[in-house]
Amino acid sequence: MSTYLDYSATTSMRPEVLERFTAVAQEQWGNAASLHQWGNRAALVLERSRQQVAALIQAEPEAIAFSSGGTESDNWAILSPYLADPRPGHLIISAVEHSAIARPAAWLEQRGWQVTRLPVDRSGRIQPADLASAVRPDTRLISVIWGQSEVGTIQPIAELAAIAREHGILFHTDAVQVAGRLPIDVQRLPIDLLSLSSHKLYGPQGVGALYIRPGVELAPLLQGGNQESGLRSGTPPIAAIAAFGEAAQLAAAELPHETARLQSLRDRLIAVLATEPRLRLTGDPIQRLPHHASFIARGGTTGTSQQLVRAMNRLGFGISGGSACNSGRSQPSPVLLAMGYSPQEALAGIRFSLGRSTQLAEVEAAAIALRSALHSLPQASLLSPA
Ligand SMILES: Cc1ncc(COP(=O)(O)O)c(C=O)c1O
C-alpha cells in the first residue's frame, strides 16, 4: 500500500478533468486563432475555460491570461515593472517567497534594482506595519505569497493589499497554494495581479494563469503571435486549458466541504505528532493552509530532511522535504532561516500536504510511519531533543 501526501507538490488530474482533456484533445484541438471551424471550436473552449477559472476567484473572464503555470505567472508579475521600464526602481517582496518570485527578484537586483524583503516572525507571518514602512516613492511593485508552500503560513493578504492600494502601488500575490483550497475574491480584495497553477488543483501540469485587474497595464513577458489579447504569445494548449477550467469549476463547487474536511485531517495529523518530542511544528498553527502540516526534526543535520523523505518513501508514504522544487538540496531552507530557525534546524524541514483522496486512517498511519522514520535516522543526525 502506498499513500501520496505531497499534494502541494502536484496533484493528479481527477477523472472528470482527464475526460475533458481527452475529449478536447480529440475533438477541439484546433488553433484558437484560426478563422475556420476548427479554430472556432478551440476558441469557444478557450473562452469557456477562461470563465471557469475566473469564477474560482470571482474575477471577470477578460482579467484571466493563461500561462504555462505558476512559475511563468510569478516571473511575469515580478518582472513586469522592468519590462515596462528597465530603469532601476524599488520592489518589495517577503522573505518567504517561492523561488519563482525570489529568483527573478534577485536577478533584478543584479541589474541595479533595489529589493526589500519583508521580515517574518517565527510563524512565517509578515507584520502589515513593516510593509507600510518599507514603501518608498520609487516602489514599483509589491509581491507577497498568500499561502506559503513550505510551511503553510497564510499572510494577511487583505491588509497588505490595502496598504499597497493606499499608496497606489501595484500588488501581486502568488496564490498557487491557496487556489481551490480557500475562497479567493478579487472583487473584495485590492489585488492587482494573482498567480494560479492548474496542477495544484487537480488540473494538468504546464498550464496556469495570471489574473490582471482590468485597467492594469502589463507589458508581455512573451512576445510573438499576440495571443491572449497580445499579453501572452504562444498557441494556447487547448486541451490543458480546458482541463484547467474543468478543475477550477469542480474545485469551486467543492471548496467549502473539502476545505473543512482537509482542515480536520490536518488538525488530526498535527495533534498526533504534537506528542513526538523530536518534532516541532513549523508555520502558523492557525493561519495555515487547510491541507498542510510541516515540521522540523529537532537536532537534524545536513541531509536529515532528505533522509526522512526517503525513509517515509520506503514505508510507503510520499512526503516532501520542505519545498519540492528545492528538494535534493542539502542547503538550509531560506524560508526556515527567514523565520529565525538556525541553519541546522533549517536542514531538517519536512512537509505533509493532504488532498482529495486522503483519509483519516492514512493520516494516522503516516504519523506512525514518521515516528519509525525518525528512529531509523543515523544517531549522529538526530541529537537528543532540545
Ligand atoms: C507557491 C508556489 N508558487 C509557484 C509555484 C510554481 O508553479 P508551477 O509548478 O505551476 O510552475 C509553486 C509550485 O511548487 C508553488 O508552490
Side-chain angles (χ1 to χ4, degrees), residues 4-13 17 53 56-57 64-79 93-105 120 124 126 143-155 157 172-182 184 191 193-211 221-222 232 234 237 240-241 243-245 247-248 251 282-284 287-294 309 318-329 333-336 338 349 351-355:
Y4 184 74
L5 294 173
D6 202 10
Y7 289 86
S8 270
T10 197
T11 62
S12 64
M13 277 191 264
V17 168
V53 171
L56 179 65
I57 62 169
I64 298 295
F66 288 112
S67 71
S68 65
T71 300
E72 183 187 326
S73 297
D74 279 355
N75 270 257
W76 186 6
I78 196 85
L79 295 174
I93 62 173
S94 79
V96 292
E97 293 303 312
H98 189 272
S99 48
I101 289 290
R103 295 228 168 102
V120 294
I126 293 166
S143 177
V144 175
I145 188 166
W146 191 333
Q148 217 289 326
S149 43
E150 198 172 322
V151 294
T153 301
I154 292 172
Q155 299 297 344
I157 268 323
H172 167 256
T173 187
D174 175 339
V176 162
Q177 293 291 340
V178 172
R181 296 186 171 120
L182 289 170
I184 298 179
I191 291 168
L193 303 169
L194 179 144
S195 300
L196 298 170
S197 173
S198 145
H199 74 103
K200 309 289 183 176
L201 46 86
Y202 308 95
Q205 296 164 346
V207 59
L210 185 66
Y211 161 77
L221 176 67
L222 299 185
R232 200 281 188 183
I241 288 176
F244 178 23
T282 55
D284 197 284
Q287 295 297 332
R288 75 180 301 132
L289 291 164
H291 70 301
H292 191 292
S294 54
V309 172
I319 67 162
S320 153
S323 146
C325 302
N326 292 326
S327 63
R329 70 176 171 210
S333 146
V335 169
L336 291 174
R351 173 184 79 186
F352 294 84
S353 45
L354 319 180

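We count ligands from 1, going down the list as the structure has it; atoms in each ligand are counted the same way.
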Polar side-chain atom of Thr71 near backbone of Ala100 as donor-acceptor pair, under 3.5 Å: no
Reported NZ-to-CZ distance for the pair Lys200 and Arg181, which is rounded to 0.5 angstrom: 8.0 Å
Point-to-point distance, once rounded to the nearest 0.5 Å, from CG of Asp6 to OG of Ser320: 4.5 Å
Shortest reach to atom 3 (N) of ligand 1 by a heavy atom, considering only Thr71, Ile101, Asp174: Asp174
Proximal ligand 1 atoms for Ser149, defined as those under 4.0 Å from one of its heavy atoms: 1 (C), 16 (O)
Atom indices of ligand 1, in the order listed, that fall short of 4.0 Å to a heavy atom of Asp74: 3 (N), 4 (C)
Where ligand 1 meets Gln177 - atom numbers and elements under 4.0 angstrom, heavy-atom basis: 1 (C), 15 (C), 16 (O)
His199, any N or O under 3.5 Å of ligand 1 N or O: yes
Under 4.0 Å to a heavy atom of Ile145 - the qualifying atoms of ligand 1, by number: 1 (C)
Between NE2 on residue His172 and CH2 on residue Trp76, distance to nearest 0.5 Å: 10.5 Å
Nitrogen or oxygen atoms of Ala9 and ligand 1 under 3.5 Å apart: no
Ile145 and Ile101, any side-chain heavy atoms less than 4.5 Å apart: no
Residue portion contacting ligand 1 (non-hydrogen atoms closer than 4.0 Å) for Lys200: side chain
Ser294 (side chain) donor-acceptor with Thr282 (main chain) under 3.5 angstrom: yes
